[in-house]
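Have a look at the structure below before the remarks.
What you see is a predicted model, and the numbers here were worked out from it, not measured in a lab. Numbering of residues begins at 1 and proceeds along the displayed sequence.
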Amino acid sequence: MSEAAKDKAARLLKKRGSVSSLGSHEVRSRDNLNKPKESRDSMSTVSYIDEPGHHDDVQRPVVQMENTYQLGPGRRFPVATVNNILKDVLTSYLQEEKYEAELCRQMTKTISEVVKARVKDLMIPRYKIIVLIYIGQLNDQGMRVGSRCIWDPANDTFASYTFKNSSLFALANVYGVYYE
């Protein structure tokens with residue numbers, strides 16, 4: 001293996017964190033001695049990228065998207081169906097649960113992923129789905145939630161559902177934002 005190839009492999013290892021197998025003269029088995037030189041000096045690498053967006057070695061061509069000339073959604077965001085999904089998921093996950101801070105932290109992540117997957121299964125084209133779940137302890141307190149964003153009232157909408165049991169409350173919001 002040439003010095004330039006070794007230097008490039010070492011640089012990639014530092015950048016990305018890799019597991020490599022070098023077939024150079026330092027690491028050679030007796031089986032490889034009978035093979036041609038090209039196959040003896042091979043390198044295989046399994047890599048993962050720690051930081052997304054750092055692709056110095058691979059330049060991909062920019063994809064130019066064509067205009068569709070579609071100004072509005074072909075199908076509206078189904079608020080009633082999404083409300084039913086929210087009611088079903090929150091009730092099934094939280095009906096028998098007692099409030100515990102650590103458990104509720106994990107439940108918000110789980111419930112938001114389940115809701116997002118079920119809404120995406122509706123296959124609503126050109127809508128970005130945003131799911132927010134709030135879970136808190138029920139102790140005679142009040143809570144107000146506000147949200148602000150750039151909004152097109154003709155196409156963008158949301159669905160919301162509130163759940164309560166004996167020890168906790170949950171608020172789920174799903175925003176459907178039309179993406180042109």
Side-chain angles (χ1 to χ4, degrees), residues 12 14-18 47-180:
L12 288 172
K14 286 179 187 174
K15 257 191 208 176
R16 296 188 181 164
S18 301
S47 303
Y48 63 92
I49 299 174
D50 287 334
E51 298 175 17
H54 289 48
H55 303 286
D56 296 332
D57 297 336
V58 179
Q59 292 293 331
R60 294 190 179 142
V62 177
V63 176
Q64 191 70 24
M65 302 299 272
E66 294 285 330
N67 289 333
T68 61
Y69 302 105
Q70 183 176 345
L71 299 177
R75 183 174 146 208
R76 302 280 304 165
F77 190 79
V79 176
T81 307
V82 174
N83 275 334
N84 290 336
I85 290 172
L86 291 174
K87 181 179 179 180
D88 180 44
V89 171
L90 287 177
T91 304
S92 66
Y93 274 84
L94 299 175
Q95 185 69 40
E96 302 296 324
E97 294 294 328
K98 300 290 182 203
Y99 180 81
E100 293 176 27
E102 223 20 72
L103 174 70
C104 289
R105 179 178 294 141
Q106 292 301 319
M107 288 298 261
T108 56
K109 294 175 186 176
T110 304
I111 291 171
S112 66
E113 290 298 322
V114 169
V115 168
K116 185 166 72 170
R118 297 236 344 236
V119 172
K120 281 187 175 185
D121 286 343
L122 297 175
M123 309 254 302
I124 310 159
R126 295 177 162 234
Y127 273 94
K128 298 287 182 181
I129 308 299
I130 302 160
V131 179
L132 298 174
I133 306 290
Y134 305 93
I135 299 176
Q137 188 174 12
L138 199 59
N139 271 345
D140 296 329
Q141 77 275 15
M143 182 173 122
R144 292 181 187 218
V145 176
S147 61
R148 299 176 77 179
C149 58
I150 298 175
W151 197 259
D152 178 10
N155 298 321
D156 302 337
T157 188
F158 71 97
S160 184
Y161 181 74
T162 305
F163 173 84
K164 288 183 185 179
N165 69 10
S166 61
S167 69
L168 61 85
F169 68 91
L171 171 66
N173 290 328
V174 175
Y175 297 93
V177 181
Y178 183 69
Y179 182 72
E180 292 179 344

Please step through side-chain contact (heavy atoms from CB on, under 4.5 Å) for the pair L171 and S160, ending with a clear verdict. CA-CA 7 Å; L171 171 66; S160 184; 3.6 Å; yes

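- Residues that satisfy the side-chain hydrogen bond (donor to acceptor under 3.5 Å, both in side chains) test with T162, not counting sequence neighbours, are absent from this structure.
- Contact check for L94 versus I111: side-chain heavy atoms found under the 4.5 Å cut-off.
- Distance check, rounded to the nearest 0.5 Å: OG of S112 to CE of M107 gives 11.5 Å.
- Residue pairs that meet the side chain to side chain donor-acceptor pair (under 3.5 Å) test with at least one member in residues 138-148, sequence neighbours left out, are S147-Y175.
- Qualifying side chain to side chain contact (heavy atoms under 4.5 Å, CB included) partners for D121, counting only residues two or more places apart in sequence or in other chains: none.
- Other residues, nucleotides and ligands contribute more than 12 heavy atoms inside 6.0 Å of the CD atom of Q95.
- Not a single side chain to side chain contact (heavy atoms under 4.5 Å, CB included) links Q64 to another residue, sequence neighbours left out.
- Considering CZ of F163 and CG of L168, their distance stands at 6.5 Å, rounded to 0.5 Å.
- Legend: side chain to side chain donor-acceptor pair (under 3.5 Å) pairs involving residues 100-110, not counting sequence neighbours, sorted by first then second residue: E102-R105.
- Residue pairs meeting the salt bridge (charged side-chain N to carboxylate O under 4.0 Å, His left out) criterion with at least one member in residues 153-174: none, sequence neighbours excluded.
- Among residues at least two apart or in separate chains, ring-ring contact (aromatic ring centres under 6.0 Å, His included) pairs with a member in residues 123-161 are F77-Y127, Y127-Y178.
- With contacts defined as side-chain heavy-atom distances shorter than 4.5 Å, the pair V115/I129 does not qualify.
- Annotation for K98 and S167: closest pair CA-OG, 3.2 Å, computed over non-hydrogen atoms.
- Partners of N165 according to the side-chain hydrogen bond (donor to acceptor under 3.5 Å, both in side chains) rule, which considers only residues two or more places apart in sequence or in another chain, do not exist here.
- Environment of CE in M123: sparse, with no more than 12 heavy atoms of neighbouring residues, nucleotides or ligands closer than 6.0 Å.
- For N67 (side chain) and Y69 (main-chain N/O), no donor-acceptor pair under 3.5 Å exists by modelled atom type.
- I124 and V119 get closest at one heavy-atom pair: CD1-O, 4.3 Å.
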Check: residues 86-93 side-chain donor-acceptor pairs under 3.5 Å, at least two apart:
from: D88; atom 1: OD2; to: R118; atom 2: NH1; distance (Å): 2.9
from: D88; atom 1: OD2; to: R118; atom 2: NH2; distance (Å): 3.3
from: T91; atom 1: OG1; to: K87; atom 2: O; distance (Å): 2.7
from: S92; atom 1: OG; to: D88; atom 2: O; distance (Å): 3.0
from: S92; atom 1: OG; to: V89; atom 2: O; distance (Å): 3.0

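- Residues in residues 70-86 take part in no side chain to side chain donor-acceptor pair (under 3.5 Å) pair, two or more places apart or across chains.
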